[in-house]
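Here the structure is laid out as structure tokens; the discussion comes afterwards.
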Amino acid sequence: MKKHSLTIILFFIGLLISKAQIAPENRSIIFKPIFGTHVNSNQGHLFQDQITGFDAAFLKDISQNSDKWIGFSGAKAYGIGFIFRDFSKLKGNNDTSAHSFGQLYGFVAQMDFELFKVGKAKFNFTPGVGLSLTNKYFSKNPKNRFLGSTVNEAIKADLGMELPISDHTDLLIGFGFLHISNGGLTVPNGGLNTGNVYIGLKLNNQKPVTAEQKSNYTPLQRNSIEVSAGLGARGVPEQNDKHLFKSGFYAGYNFYINDVVLLKAGADAVYYYTVYDPQNYAGTYQNYGSSYDRWRTGVSVGADVNLWRITVGAQVGKYIHYNRVKEDATWYWTFGPTFNITPQLGVQAKTYMHFAQADYVNWGLVYRF
């Protein structure tokens, strides 16, 4: 499974880069050494541990495209980013897992947004999402609250300044954040939250655009009804090879604001293939997601942000029915990306959350009509 995941990632990266290399559009390469720290409040202070590494990216410029969503959002470029981090100096949780982590390698799909400009200096926001691999983690130990698997999702964001220093070179300075976790697929899954500063270079091949450029994809430009269904799993504590499966369902209404923003409201339902059994606590307990019944239901409101074929959505909800083990889990929230195959049909990875804890990731299909 792990080898297959890496093969799939490398295949798509190679496909994207090969297409970019034969395309006439402007492109750029970014390299940023990073100097970071682990954000961990359990040690009595927020910042500890030394983390070094670098980010690299291959980007395609879209700032001169005529698509409406680009004008609305301020998007300037998109592409593939590579992440490397050295976690070998992490002290772990109360020093029980000190220096028990290794190096992390990851790929993310990322996009640059220009927030504002002062003189020649551009101030950019760069979010990214993808997958990562770590070559060493503190496995199957009850004191390990950070990583429970080799393969994890990676969510990152940079906020920085871009300053031209020559016709084809820009200086990059800023701050970054990186979150690593597996969405509850295996437990433990507290995740690693890291912050960093960076200084790097951006190499450009900017050329004047002589013809109008526009994407061949346009999002659904009207109000719509949305339905979705999927399947996912949450891990069992200290049993990395066991998973408790669930299916998530959603039906709601989307209010079209523009090509970038949709407001939405609807109903959620989650079906449990394995419910909580007090006589089998170790094999059925799912923390805030523990349910005595097969179904839990709720209503939620939120918004979608459309970025070309990628839609990033988030909603917050209140349970209508949830025979839960933990009484304080009365609210929930969801977030995640959707890749739109057509304006109406998409593939979605939707994470169900209680407080700051991921319940599970629901992989499924979305249809709008």
Side-chain angles (χ1 to χ4, degrees), residues 1-14 34 36 38-40 49-56 80-93 96-110 128-156 177-194 196 231-246 282-283 286-287 289 336-337 349-353 356-363:
M1 177 66 180
K2 297 169 185 175
K3 291 183 179 178
H4 289 168
S5 298
L6 179 59
T7 302
I8 292 171
I9 294 170
L10 293 176
F11 171 78
F12 281 109
I13 297 302
I34 72 99
H38 177 211
V39 183
N40 182 16
D49 310 325
Q50 177 186 335
I51 298 173
T52 56
F54 67 86
D55 293 335
I80 294 295
F82 175 75
I83 304 167
F84 170 76
R85 297 290 187 274
D86 183 3
F87 289 137
S88 63
K89 295 183 180 180
L90 262 65
K91 297 177 182 177
N93 187 35
T96 56
S97 52
H99 311 299
S100 296
F101 301 92
Q103 288 72 45
L104 177 135
Y105 309 86
F107 288 103
V108 295
Q110 66 182 59
V129 60
L131 292 176
S132 66
L133 298 172
T134 181
N135 60 0
K136 184 182 179 183
Y137 67 97
F138 197 44
S139 175
K140 297 184 180 181
N141 190 301
K143 297 297 184 180
N144 170 25
R145 56 180 291 271
F146 301 118
L147 298 179
S149 60
T150 298
V151 180
N152 292 279
E153 63 184 5
I155 300 173
K156 72 186 300 288
F177 170 80
L178 174 65
H179 170 77
I180 303 296
S181 69
N182 63 42
L185 183 61
T186 60
V187 178
N189 183 48
L192 284 169
N193 296 302
T194 71
N196 64 267
L231 176 69
R234 179 175 176 83
V236 177
E238 300 182 57
Q239 300 182 52
N240 286 29
D241 56 347
K242 184 176 180 180
H243 307 283
L244 302 177
F245 288 90
K246 306 176 188 178
Q286 299 184 56
N287 211 312
K350 181 177 182 178
T351 303
Y352 288 83
M353 302 283 298
Q357 183 184 94
D359 181 20
Y360 81 106
V361 179
N362 193 66
W363 298 88

Notebook entry, point to check: Taking Asn135 for the side chain and Gln103 for the main chain, is one N or O donor matched with an acceptor at less than 3.5 Å?
Noted result: yes

Next item on the list: Let me see the working for Ser181 and Asn152 under side chain to side chain donor-acceptor pair (under 3.5 Å), right down to the final yes or no.
Entry: CA-CA 5 Å; Ser181 69; Asn152 292 279; 6.0 Å; no

Notebook entry, point to check: Just wondering, do Val108 and Ile80 contact through their side chains at under 4.5 Å, heavy atoms?
Noted result: no

Next item on the list: Locate the shortest heavy-atom distance separating Asn196 from Phe177; write the atom from each residue and the value.
Entry: OD1-N, 4.1 Å

Next item on the list: Check Ala358 against Arg234 and note the closest heavy-atom contact, atom names and distance.
Entry: O-NH1, 2.8 Å

Next item on the list: State, with a plain yes or no, whether a side-chain heavy atom of Phe101 is found less than 4.5 Å away from one of Leu90.
Entry: yes

Notebook entry, point to check: Taking all atoms of both residues into account, what is the closest heavy-atom pair of Leu131 and Glu153, and its distance?
Noted result: CD2-CA, 4.2 Å

Next item on the list: Give me the ring orientation class for Tyr352 and Tyr360: parallel if the planes are under 30° apart, tilted from 30 to 60°, perpendicular past 60°.
Entry: parallel

Notebook entry, point to check: Hey, does Asp359 have a side-chain heavy atom less than 4.5 Å from the side chain of Met353?
Noted result: no

Checklist line | Minimum heavy-atom distance Arg85-Asp55, with the two atoms named | finding: NH1-OD1, 2.9 Å

Next item on the list: Would you give the length of the straight line joining atom CG of Asp86 to atom OG1 of Thr52, rounded to the nearest 0.5 angstrom?
Entry: 4.5 Å

Check: To the nearest 0.5 Å, what is the distance between CD1 (Ile180) and OG1 (Thr134)?
Finding: 9.0 Å

Next item on the list: First locate atom CZ of Phe84, then atom OG of Ser132, and finally report the distance between them rounded to the nearest 0.5 Å.
Entry: 12.5 Å

Check: Taking all non-hydrogen atoms of both residues, which atom of Lys246 and which atom of Asn362 are closest, and how far apart?
Finding: O-OD1, 4.3 Å

Check: Is there side-chain contact between Leu104 and Phe87, with heavy atoms separated by less than 4.5 Å?
Finding: yes

Next item on the list: Considering non-hydrogen atoms only, spot the tightest contact between Thr186 and Asn182 and give its length.
Entry: OG1-ND2, 2.8 Å

Check: With distance as the sole test, does Asn287 use its side chain to make a donor-acceptor pair with the main-chain N or O of Gly289 at under 3.5 Å?
Finding: no

Note to self: So Ile83 and Lys156, do their side chains get closer than 4.5 Å, heavy atoms only?
What the structure shows: yes

Next item on the list: Apply side chain to side chain contact (heavy atoms under 4.5 Å, CB included) to the pair His179 and Thr194, showing each step before the final yes or no.
Entry: CA-CA 6 Å; His179 170 77; Thr194 71; over 6 Å; no

